[in-house]
Amino acid sequence: MAHPLLLDSLTMRGLTARNRLWLPPMCMYSVTAEDGCPGNWHVLHYGTRAQGGFGTIIVEASAVTPEGRLSPNDLGLWDDSQIKGHHYLVEAIHIGGALAGVQLGHGGRKAGTPPWRPDVEGSRTGTLPGWELVAPSAVPYPEHATPQALTTAEIADTVQAFADAARRAVAAGYDVIELHGAHGYLIHEFLSPLSNIRTDAYGGSDEGRRRFVLEVARAVREAIGDDKVLDIRLSATDWAEGGITGEDTAALARQLVQAGVDVLHVSTGGNAPTKVPAGPGYQVPFAAQVKRAVAGMTTPGGGQPQVVTVGIIDSGLQAEQILVAGLADAVATGRAALRDPYLPVRWTHELGVNDWQAAHLPIQYWRGAWR
Ligand SMILES: Cc1cc2nc3c(=O)[nH]c(=O)nc-3n(C[C@H](O)[C@H](O)[C@H](O)COP(=O)(O)O)c2cc1C
């Protein structure tokens, strides 16, 4: 096979990742996270996956306010004291040769609900007792507590919280700042008519529902300066009647690029308990739709917007076919990388490349290359 596209570098603003394979954000709900601070466990977890060859690693959703966490064991960037732990994480990722990114999130009406921790009481049984929920409107997610609708002053504070967390992410050394605009959390809740029934400037129309995310994007771009990559994860569709559609997201993507976003990381769902037709590559068509929408646009930073696809992409060949078909610029693979931190090494081999130098894999491991 010719040199695989998956192993081509990916340039975003002035930063270049060694390949087009991303580790997507995955909350670990690790009891070793204290007060939002990453510990040694996180350094090992992310560092190993950087050593394993990922080009860009996005650290799990890190909350911009304490009440925006999904569980007491989420990471956070709401306080300067959390910068140091994140800095160790960034160092470990850089040593492994990957760009380091972090996802900034607020759980909105789904905060206080760890989606998966069989050993933690309260997991999957609804909102943790005493957790104060805020959202665009007082519309609960099924079986969750009813949130308080944010006032306009609180919305401004939350925009500021995203900007402050982004500034801390930069202080920690992150290259990529990813906004969590997907999976039914606060930004997505503003975007979707299923969860936003406001009648003021932050609801009522596409323009109103998009106001919050665009304000966050502009404030975060301002906070991180011109050199860092701004990325956003979006749920392209709610998979539900009356919810967001792929066309809505394609139009929004153009506005986000104008607001200073460099990368669109396209996922789906999470804002309504609907049946999702999940299968191999099932979200790729949505990424392709976004990619078509932003084609030819130039980011204010002077580069091309890049589109990342994710969702049951479990082999090097499948990833390569997506890139060759021009459906996305990069591919993220999550659960498969929980099974195997060296997945990029394996995919590289699967694509017929055993020259680990060419694949930019860690020099310390070259003697282990397949022969
Ligand atoms: C354990 C776990 C935690 C996750 N946490 C997050 C998260 O913090 N932020 C996010 O946007 N998506 C999160 N996701 C979704 C993944 O990033 C990814 O989109 C999803 O697993 C589909 O990709 P895959 O089929 O390659 O696993 C999580 C998924 C898993 C399995």
Side-chain angles (χ1 to χ4, degrees), residues 6 20-31 33 36 38 41-42 45-46 49 52 54 56-64 68-71 73-77 86 89 101-108 110-111 113-120 123-124 165 169 176-189 191 213 231-237 239 249 263-271 276-284 286-287 307-316 318-319 322 328 330-341 343-344 346-347:
L6 192 61
R20 288 167 183 258
L21 193 48
W22 284 42
L23 183 76
M26 285 184 284
C27 279
M28 294 285 102
Y29 309 113
S30 177
V31 289
W41 188 88
H42 300 88
H45 168 69
Y46 290 104
R49 279 152 187 84
F54 280 94
T56 303
I57 291 194
I58 306 293
V59 168
E60 66 200 78
S62 297
V64 301
R69 288 175 295 174
L70 309 188
S71 84
N73 300 117
D74 285 23
L75 298 186
L77 273 165
H86 279 277
L89 260 187
V102 64
Q103 186 182 55
L104 301 181
H106 187 303
K110 284 171 67 180
T113 314
W116 189 88
R117 259 312 288 266
D119 56 329
V120 172
S123 176
R124 271 197 179 282
V176 179
I177 313 301
E178 178 173 284
L179 304 175
H180 198 343
H183 303 165
Y185 299 120
L186 188 65
I187 291 178
H188 182 178
E189 290 162 18
L191 287 169
V213 70
D231 163 27
I232 184 163
R233 204 161 214 225
L234 295 170
S235 278
T237 174
W239 299 109
T249 302
V263 181
L264 298 132
H265 192 168
V266 184
S267 186
T268 68
N271 201 29
V276 174
Y282 71 108
Q283 297 180 143
V284 173
F286 295 100
V307 177
V308 184
T309 187
V310 66
I312 319 189
I313 300 166
D314 284 350
S315 83
Q318 186 192 0
I322 290 165
V331 168
T333 186
R335 285 163 294 179
L338 296 182
R339 297 192 284 275
D340 182 2
L343 186 120
R346 221 173 290 284
W347 284 13

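Just so you know, ligand 1 is whichever comes first in the structure, and atom 1 is the first atom listed for that ligand. Counting from 1, the numbers follow the sequence of the chain as shown. Bear in mind the structure is a predicted one, so any value in this text is a computation, not a measurement.
- Heavy-atom contacts of Arg335 reach the following atoms of ligand 1: 21 (O), 22 (C), 24 (P), 25 (O), 26 (O), 27 (O), 31 (C) (cutoff under 4.0 Å).
- When Gln103, Met26, Glu178 are checked for heavy-atom proximity to atom 30 (C) of ligand 1, Met26 turns out nearest.
- If you number the atoms of ligand 1 from 1 as listed, the ones under 4.0 Å from a heavy atom of Thr333 come out as 26 (O).
- Distances from atom 6 (C) of ligand 1 to the protein include at least one heavy-atom value under 4.0 Å.
- Between the OG1 atom of Thr268 and the CH2 atom of Trp239 there is a distance of 5.0 Å, given to the nearest 0.5 Å.
- Which parts of ligand 1 touch His183 is read off a 4.0 Å heavy-atom cut-off, strictly below it: atoms 10 (C), 11 (O), 12 (N).
- Against a heavy-atom cut-off of under 4.0 Å, Val310 is close to the following atoms of ligand 1: 19 (O), 23 (O).
- The residue from Arg233, Glu60, His265 that puts a heavy atom closest to atom 11 (O) of ligand 1 is Arg233.
- Atoms of ligand 1 found under 4.0 Å from any heavy atom of Ile312 (numbered from 1 in listed order, with element): 24 (P), 25 (O), 26 (O).
- Between Asp314 and ligand 1, no N or O atom pair is found at a separation short of 3.5 Å.
- The two residues Val102 and Ile58 have their closest heavy-atom pair at C-CG2, 4.0 Å.
- Closest protein heavy atom to atom 1 (C) of ligand 1: Cys27 O, 3.8 Å.
- Considering every non-hydrogen atom in both Ser235 and His188, the closest pair reads CB-CE1, 3.4 Å.
- Less than 4.0 angstrom separates some heavy atom of Pro24 from each of these atoms of ligand 1: 17 (O).
- Residue contacts with ligand 1: Gly334 is placed with a nitrogen or oxygen under 3.5 Å of a nitrogen or oxygen of the ligand (distance criterion only).
- For the pair Gln318/Ile312, no side-chain contact is recorded, criterion being any heavy-atom separation below 4.5 Å from C-beta on.
- Annotation: the span from His183 atom NE2 to Leu234 atom CG amounts to 9.5 Å, rounded to 0.5 Å.
- For the atom pair Asn271 CG and Lys110 NZ, the distance stands at 7.0 Å (nearest 0.5 Å).
- The two residues Pro277 and Tyr282 make their nearest non-hydrogen contact at O-CB, 3.6 Å.
- When Ser267, Pro25, Pro280 are ranked by how near their heavy atoms come to atom 16 (C) of ligand 1, first place goes to Pro25.
- Side-chain contact check for Ser62 versus His86: some heavy-atom pair is nearer than 4.5 Å.
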